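Working notes, beginning with the structure itself.
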Protein chains: 2
Amino acid sequence: MDGNVFNLKSKIEIYKAMADAGASFADCPVRDVIQGISGKWSSLLVMALSEKPYRFGQLRRLVPDISQRMLTQTLHDLQRDGYVHREVFATKPPSVEYSLTDLGRSMFGPLHELIQWAERNHSAVRDARAAFDAAAT
Amino acid sequence: MDGNVFNLKSKIEIYKAMADAGASFADCPVRDVIQGISGKWSSLLVMALSEKPYRFGQLRRLVPDISQRMLTQTLHDLQRDGYVHREVFATKPPSVEYSLTDLGRSMFGPLHELIQWAERNHSAVRDARAAFDAAAT
DNA sequence: CTGCATCCCAGATGATACTG
DNA sequence: CAGTATCATCTGGGATGCAG
């Protein structure tokens, strides 16, 4: 009820009407917000930061196969969208700590549910893929 | 409690340990499952199909700015992961109906919560972006 | 109506080297 | 330590034309 005036059926049709009317990509909440957190590394980093704040190098070690470039860029994007707070400490050498903002923690609620679903149903998805590929042979 | 043996802290560290041990990309549930539904069009199509089954052309009209190629490919991928059922009717000309499977409906639960969060907080994210960009000037 | 094949481009990602 | 810059690469995605 709150903040969600439309039921599901009308929602998808409203998006269509918006698109038909020439509304830009950014006007569709689903695409605009979901795309911002659906990058290759975004969900993993938000998940890590949901636990506690981390420094740049710590995050890097926590996700061993991320490149320095992608770690910098993904954190930058998450910060721009308001999910992550970046704090610089003028030590020597300098250190930078990343943490979730209130908005980030709020978003992690639903995201966490999706992550838990993924963990519970990982094997089901893998089985479906295997079955599909086998049938295609 | 059910089906989720690890608390959040240990989870991210377990993923790291897995990666350190040389586990492949596909062994991380977060990446393997989340990536499959984080394509540019996946969430939108699942959202449409959660309402009711649709035919190919109907989906195309519902999402006006998707190309035929991407519609075919995204539906194919969703079917491969077990979220979507594809049924061909031998009419003339032929028609094909797409619908969510039980797994797809199950996955849409958490996804829907994320979508609702996106709708509720779309403006907050946009504001954060605007503020960030303004500060960078 | 539905779907596949081909060509092609822009953006996403990675590897490496360099800097405050 | 925490980046930035540059170059190379890989993939997603669009346009178009053909086919069952």
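This is a predicted model, so every value here is computed, not measured. Below, chain A is the first sequence line, B the second, and so on; all start at residue 1.
- Inter-axis angle, ends of the helix from C/dC1-D/dG20 to C/dG20-D/dC1, five pairs per end, rounded to 10 degrees: 50°.
- Here the C1' atom of nucleotide C/dC1 and the CG atom of B/L71 are 12 Å apart, to the nearest Å.
- Salt-bridge formation is not detected for the pair B/E51/A/K11: no Lys NZ or Arg NE/NH1/NH2 atom is positioned less than 4.0 Å from an Asp or Glu carboxylate oxygen.
- For B/Q73 and D/dG13, a side-chain-to-base donor-acceptor distance below 3.5 Å is absent, hydrogens and geometry of angles not being considered.
- Straight-line distance from the CZ atom of A/R69 to the P atom of C/dT19: 19 Å, rounded to whole Å.
- The pair B/K16-B/D20 meets the salt-bridge criterion, since a charged nitrogen lies less than 4.0 angstrom from a carboxylate oxygen.
- Between A/D81 and B/R126 there is no salt bridge, since no side-chain N of the basic residue sits under 4.0 Å from a carboxylate O of the acidic one.
- The side chain of B/T72 has C/dC4 as its nearest neighbour among D/dG3, C/dC4, D/dG14.
- The separation between B/L75 atom CG and C/dC1 atom C1' is 14 Å, rounded to whole Å.
- Regarding contacts with the backbone of D/dG14, a side-chain N or O of B/K40 is found under 4.0 angstrom from either OP1 or OP2.
- Rounded to whole angstrom, the span from the OH atom of A/Y98 across to the C1' atom of D/dC1 amounts to 11 Å.
- An OP1 or OP2 oxygen of C/dC1 is reached within less than 4.0 angstrom by no side-chain nitrogen or oxygen of B/R55.
- What separates CD1 of A/I37 from C1' of C/dA12 is a distance of 18 Å, to the nearest Å.
- Look at CZ on B/R60: it is 11 Å from P on D/dA15, rounded to the nearest Å.
- The CZ-P distance, from A/F56 to D/dG3, rounds to 5 Å in whole Å.
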Pairs of donor and acceptor atoms involving the side chains of residues 92-102 of chain A, under 3.5 Å and at least two apart or interchain, shall be tabulated with distances.
unit_1, atom_1, unit_2, atom_2, d
A/Y98, OH, A/R86, NE, 3.3
A/T101, OG1, A/G82, O, 2.6
A/T101, OG1, A/Y83, O, 3.2
A/T101, OG1, A/L103, N, 3.3
A/T101, OG1, A/G104, N, 3.0
A/D102, OD1, A/R105, NH2, 2.9

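- Taking the nucleotide of DNA chain C with the nearest heavy atom to each of A/T74 and A/P94, the more 5' of the two is matched to A/T74.
- Checking side-chain atoms of A/S38 against main-chain N and O of A/I34 turns up a donor-acceptor pair under 3.5 Å.
- A distance of 5.0 Å separates CD1 in B/I115 from CZ in B/F108, rounded to the nearest 0.5 Å.
- One interatomic measurement links the two molecules: NZ of A/K92 to P of C/dG20, which rounds to 13 Å at whole-angstrom precision.
- Of the charged side-chain nitrogens involved, none lies within less than 4.0 Å of a carboxylate oxygen, so that B/D65 and B/R60 do not count as a salt-bridged pair.
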